[in-house]
Amino acid sequence: MIARTAKTTLTCLSLATTLAAFAPASQAAEGQAISEVPRAVAAEPAERAASAASSFERLVERPIERVTSAAGMAVASAASAATTVATTAASTATSAAMDAATVATAAVFSVANVATTTAVNAATAAATLFQTGRVSFYADKFHGRPTASGTPYDAEEMTMAHRTLPIGTKVMITNTANQRSVVVTVNDRGPFTGGRVADLSRAAAEKLNMIRVGIAEATLHVLPNSGNKQQDSKTRIR
């Protein structure tokens with residue numbers, strides 16, 4: 001009986017010792033689990049705060065992007081407006097310059113025409129009507145050939161051939177069809193056929209605008225003070 005009691009007591013002591021050995025580890029695990037709860041609870045507000053901060057950043061970024069976009073559009077619009085204004089100003093300046101050049105050119109031509117008309121009128125008033133009749137002009141093949149004056153015929157010079165007027169006489173020829181006039185110098189004899197009273201150089205015929213028709217009705221006015229009359233060889237270009 002005493003032996004059973006002692007054995008039971010030893011068994012109880014051994015069980016208590018075992019429980020005592022495992023108790024601290026279990027309590028430590030429970031304590032760790034309990035301590036982790038506040039950490040999680042504490043971490044939750046931090047995550048919410050981070051999420052709120054991210055949302056706030058997005059909310060702030062959107063107006064900034066809108067402001068940036070609006071600024072870009074404003075700059076582009078201002079650049080376009082400036083380009084349009086510059087183009088319009090350049091076009092206006094060009095048109096004004098062209099108009100001014102046109103007016104200046106017209107004025108120059110007007111003055112030149114007035115001066116020419118005045119000179120012709122003065123020459124006509126001072127000249128003596130010598131003859132009327134049909135005039136023609138030299139063929140191109142005579143260019144460079146000698147004239148009755150001894151000088152070669154030059155198609156670009158203002159000269160003419162006449163049967164009786166002294167060599168060197170200045171004559172104003174007027175085309176009666178268009179009233180164009182030109183002053184020429186007699187340097188040759190002729191024409192002797194065709195019922196014509198004078199042959200003109202090609203340049204003089206161009207001034208009278210008679211190249212296409214070939215022959216024109218004209219008046220011959222001898223100008224005063226024609227200068228010294230040259231002796232001629234009584235011959236014409238051949």
Just verifying a value: how many Å separate [X] [atom1] and [Y] [atom2], rounded to the nearest 0.5 Å?
X: F137; Y: S201; atom1: CZ; atom2: OG; answer: 10.5 Å
X: L165; Y: L220; atom1: CG; atom2: CG; answer: 7.5 Å
X: T219; Y: M172; atom1: OG1; atom2: CE; answer: 6.5 Å

Run the side-chain contact (heavy atoms from CB on, under 4.5 Å) test on V135 and M210 for me, step by step, so that the C-alpha distance in whole Å, both residues' side-chain angles and the decisive distance to 0.1 Å come before the verdict. CA-CA 10 Å; V135 298; M210 55 173 288; 4.1 Å; yes

Distance-only, no hydrogens or angles: does the [X] side chain make a donor-acceptor pair with backbone N or O of [Y] under 3.5 Å?
X: H143; Y: A155; value: yes
X: E157; Y: D154; value: no
X: S181; Y: T174; value: no
X: R189; Y: A161; value: no
X: N175; Y: L208; value: yes
X: T84; Y: S80; value: yes
X: T185; Y: G168; value: no
X: D199; Y: Y138; value: no
X: T176; Y: E217; value: yes

Counting only heavy atoms not in R134, do more than 12 fall under 6.0 Å of its CZ? no

Would you sort out whether M160 and I173 count as a side-chain contact (heavy atoms from CB on, under 4.5 Å), showing the intermediate values? CA-CA 10 Å; M160 82 169 197; I173 311 294; 3.8 Å; yes

Considering the options N187, I167, D188, which one meets the side chain to side chain contact (heavy atoms under 4.5 Å, CB included) requirement together with T151?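 Of all the options given, the one that passes is N187.
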
Between S136 and the options L200, I215, V213, V197, the side chain to side chain contact (heavy atoms under 4.5 Å, CB included) test singles out I215

Taking atom types as modelled, find out whether Q131 and H221 have a side-chain donor-acceptor pair closer than 3.5 angstrom. no

Which is it for H162 and T169 under the side-chain contact (heavy atoms from CB on, under 4.5 Å) test, yes or no, and what are the steps along the way? CA-CA 10 Å; H162 193 271; T169 301; over 6 Å; no

For [X] against [Y], the heavy-atom pair lying closest together:
X: G144; Y: P152; value: O-CB, 3.6 Å
X: V182; Y: M158; value: CG2-SD, 3.8 Å
X: V186; Y: P166; value: CB-O, 3.7 Å
X: A204; Y: V184; value: CB-CG1, 3.8 Å

Please report the C-alpha distance between V183 and V171 in whole Å, then the side-chain angles of each, then the deciding distance to 0.1 Å, and finally whether the side-chain contact (heavy atoms from CB on, under 4.5 Å) criterion is met. CA-CA 6 Å; V183 176; V171 182; over 6 Å; no

